> 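Let me begin by handing over the structure; questions about it come next.
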There are 2 protein chains.
Amino acid sequence: MGEGGVEREDPARSVMAMLGDRWSPLLLLVLETGEWRHADLRRTAAALSAEQALSQRILTLKLRALERDGFVSRMVTDDVPPRVSYALTPLGRALVGELRRTISWLNERRGEIAAARRSYDELD
Amino acid sequence: MGEGGVEREDPARSVMAMLGDRWSPLLLLVLETGEWRHADLRRTAAALSAEQALSQRILTLKLRALERDGFVSRMVTDDVPPRVSYALTPLGRALVGELRRTISWLNERRGEIAAARRSYDELD
DNA sequence: CAGAATCCTGTATGATACTG
DNA sequence: CAGTATCATACAGGATTCTG
């Protein structure tokens with residue numbers, strides 16, 4: 001239980017937690033550019049993060065959580081092999097707007113925050 | 001996609017994670033009202049969360065993290081017993097502005113998100 | 001009072017193998 | 001291709017006890 005944070009109650013808190021987790025913000029930003037299939041989205045998000053790979057399992061968990069809150073839509077055509085695409089909903093696009101605003105606010109203060117950290121860490 | 005920044009942030013990611021954690025947002029909102037001492041802040045934050053108590057340890061950890069990033073200032077007078085007060089810095093007040101905007105955006109969409117969840121959970 | 005030191009638990013994240 | 005199913009682990013959060 002508790003996988004993917006799907007059981008949380010208060011939308012404000014759970015969505016803020018989502019925006020602060022490892023992959024969701026990145027997925028939202030990638031999905032903003034259009035429709036993405038599972039494998040491509042996975043590779044692109046991992047490349048952008050410049051960190052480790054994004055596992056299939058985690059990608060699925062994160063997408064399910066975003067879908068559950070109405071930020072992402074999942075489209076399936078029943079071909080074989082299956083073709084599944086993900087995209088932002090209108091609500092998801094609006095959320096990305098908020099996300100971008102927060103990110104740029106933080107980026108504008110990047111230097112100030114970094115300086116505060118240096119100053120704090122430098123004390124014995 | 002061009003300008004902005006879809007990728008690596010140091011403060012951006014850690015601060016977003018902070019804003020999404022269990023106590024930091026609440027502490028920022030309480031501290032916005034003025035200067036607070038450890039014990040009072042602890043009690044008040046716990047009361048507002050309507051959840052469990054906030055342990056001394058966690059309060060200290062969260063305050064240290066906020067202080068390190070330059071959002072909170074810690075003032076000590078060397079009396080016995082010690083008197084320690086916490087307050088927002090100007091940067092911290094600005095951060096609370098951003099936090100409030102995000103919170104109210106989410107609160108305005110609370111119904112829509114809740115509906116999406118119900119709809120999602122109802123299937124299967 | 002404010003906090004440090006310990007110890008403990010749940011949850012998020014991840015690696016890997018398997019399947020319709 | 002787009003997932004599940006397992007198994008493993010790191011870490012945030014928290015309960016409790018002690019002290020300058």
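Values in this document were obtained by computation on a predicted structure and should not be read as measured data. Below, chain A is the first sequence line, B the second, and so on; all start at residue 1.
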> Could you tell me whether the phosphate oxygens of D:dG14, OP1 or OP2, come under 4.0 Å of any side-chain nitrogen or oxygen in B:Trp23?
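B:Trp23 to D:dG14 OP1/OP2: side-chain N or O found under 4.0 Å.
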> Roughly how many Å is it from CZ in A:Arg22 to P in C:dA15, rounded to a whole number?
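Distance, rounded to whole Å: 9 Å.
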> If the helix axis at each end comes from five base pairs, how far does the helix from C:dC1-D:dG20 to C:dG20-D:dC1 deviate from straight, to 10°?
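Roughly 50° between the end axes, to the nearest 10°.
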> With heavy-atom distances below 4.5 Å as the criterion, would you say the side chains of B:Asp69 and A:Tyr120 are in contact?
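Contact flag for B:Asp69/A:Tyr120 side chains = no.
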> So, is A:Arg43 close to the D:dC1 phosphate, meaning a side-chain N or O under 4.0 Å from OP1 or OP2?
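No, outside the criterion.
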> Does any part of the side chain of A:Glu67, heavy atoms only, come nearer than 4.5 Å to the side chain of A:Thr89, both counted from C-beta?
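Not in contact.
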> Taking CG from B:Leu63 and P from D:dG13, how many angstroms apart are they, rounded to a whole number?
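After rounding, the reported distance stands at 13 Å.
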> Could you tell me the separation between the NE2 atom of A:His38 and the C1' atom of C:dT19, rounded to a whole number of Å?
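Distance, rounded to whole Å: 14 Å.
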> Starting at CG of B:Leu59 and ending at P of C:dC1, how long is that distance when rounded to a whole Å?
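Nearest whole value for this atom pair: 14 Å.
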> Produce a footprint string for nucleotides 15-20 of chain D: one letter per nucleotide, 5' end first; B if the base is under 4.0 Å from any protein heavy atom, S if only the sugar-phosphate is, - if neither.
B----B
> Rounded to the nearest angstrom, tell me the gap between atom CH2 in A:Trp36 and atom C1' in D:dC1.
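The distance from CH2 of A:Trp36 to C1' of D:dC1 comes to 16 Å, rounded to the nearest Å.
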> Assign A:Arg37 to base, sugar-phosphate, or nothing according to its heavy-atom contacts below 4.0 angstrom with the strands shown.
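Sugar-phosphate, backbone atoms only, no base.
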> Please confirm whether the shortest side-chain N or O distance from A:Arg64 to OP1 or OP2 of D:dT4 is below 4.0 Å.
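For A:Arg64, the contact criterion (side-chain N or O under 4.0 Å from OP1 or OP2 of D:dT4) is met.
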> Any side-chain N or O of A:Tyr86 below 4.0 angstrom from OP1/OP2 of D:dG3?
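Result: yes.
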> So which of B:Leu63, B:Leu66, B:Leu27 actually passes side-chain contact (heavy atoms from CB on, under 4.5 Å) with B:Tyr86?
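For B:Tyr86, the side-chain contact (heavy atoms from CB on, under 4.5 Å) check succeeds only for B:Leu63.
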> For A:Ser14 and A:Asp10, indicate whether the former's side chain and the latter's backbone hold a donor-acceptor pair under 3.5 Å.
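At least one qualifying donor-acceptor pair exists.
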> Report yes if some heavy atom in the side chain of A:Arg109 is under 4.5 Å from a heavy atom in the side chain of B:Val15; otherwise report no.
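Of all side-chain heavy-atom pairs linking B:Val15 with A:Arg109, none is under 4.5 Å.
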> When the distance from CG of B:Asp78 to C1' of C:dC1 is rounded to whole Å, what number comes out?
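After rounding, the reported distance stands at 14 Å.
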> If we ignore hydrogens and angles and just use 3.5 Å, is the side chain of A:Thr44 paired with the main-chain N or O of A:Leu41 as donor and acceptor?
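No.
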> Output the rounded distance in Å from CD1 (A:Ile58) to C1' (D:dA10).
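Taking atom C1' of D:dA10 as the reference, CD1 of A:Ile58 is at 13 Å.
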> Report the distance from atom CZ of A:Arg83 to atom C1' of D:dA2, rounded to the nearest whole Å.
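Result: 12 Å.
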> Just to verify, what does A:Asp79 make a side chain to side chain donor-acceptor pair (under 3.5 Å) with, not counting sequence neighbours?
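Checked A:Asp79 against side chain to side chain donor-acceptor pair (under 3.5 Å); matches are A:Thr77.
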> Less than 4.5 Å apart, side chain to side chain, heavy atoms only: is that true for B:Leu19 and B:Glu98?
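Sidechains of B:Glu98 and B:Leu19: no contact.
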> To the side chain of B:Val84, which of C:dG3, D:dG14, D:dG3 is closest?
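Of all the options, the side chain of B:Val84 is nearest to C:dG3.
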> Please say which of B:Arg43, B:His38, B:Arg42, B:Arg37 ends up in a side chain to side chain donor-acceptor pair (under 3.5 Å) with B:Asp40.
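Only one of B:Arg43, B:His38, B:Arg42, B:Arg37 forms a side chain to side chain donor-acceptor pair (under 3.5 Å) with B:Asp40, namely B:Arg43.
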